[in-house]
Amino acid sequence: MTEIGGYQIDQPLCSDGLVTTYLASKDGSKENGRFHLKIYKPPGAIAGTPRAALDTSKFLEVGRRLQVVAKGSSSFISVKALGHRKGCGILVTTAFDYTLQSLIDARIHLEPHELRH
């Protein structure tokens, strides 16, 4: 298994090309909680291009802002760690059970016949 900054990657969750999200645990122990580890890999990150470095720094700045906004609030995702490795940005947050889509799906129940015009 892969470990990044004390977080053990347990399984991949999703990827949109630039950001890959993994389910992770702290020090390989699920008793210490579950986390989402997001790795931002802009084009040119491994080669260390200036553009990739700028994009990674913007990603990390968004993470820092999330930390400030979420401080003392239970309504926001808690940012546990920020960093970079080999030109890629890394953001670790507490894991949450629901996605926006699952919340929408739970509240809107449409039958196929209701979709007709």
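Between Asp10 and Ser25 the shortest heavy-atom distance is OD2-OG, 3.3 Å. Across Leu82 and Gly63, no two heavy atoms sit closer than the pair CD1-C, 3.7 Å.
For Ser57, there are no side-chain hydrogen bond (donor to acceptor under 3.5 Å, both in side chains) partners at least two apart in sequence or on another chain. Take Tyr22 and apply the ring pair (Phe, Tyr, Trp, His ring centres under 6.0 Å) test, not counting sequence neighbours, and it matches no residue. Applying the salt bridge (Lys or Arg N to Asp or Glu O under 4.0 Å) criterion to Arg64, with sequence neighbours excluded, gives Glu61.
Hydrophobic clustering (ILVMFWY, side-chain heavy atoms < 4.5 Å, transitive): Leu18 and Leu60 are in one cluster. Linking ILVMFWY residues whenever their side-chain heavy atoms come closer than 4.5 Å, directly or via other members, leaves Leu13 and Phe35 in distinct clusters.
With values rounded to the nearest 0.5 angstrom, Ile9 atom CD1 is found 4.0 Å from Ile4 atom CD1.
Each of Val92, Thr21, Thr94 was scored for a side-chain contact (heavy atoms from CB on, under 4.5 Å) with His36, with one residue passing: Thr21.
Screening residues 38-54 for side-chain hydrogen bond (donor to acceptor under 3.5 Å, both in side chains) gives Arg51-Asp55 as the qualifying pairs, with residues at least two apart or on separate chains.
Membership of an apolar cluster is not assigned to Leu54, as no side-chain contact below 4.5 Å to another ILVMFWY residue is traced.
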Name every donor-acceptor pair, under 3.5 Å, that has one atom in a side chain of residues 83-91 and the other anywhere in the protein, sequence neighbours excluded.
none

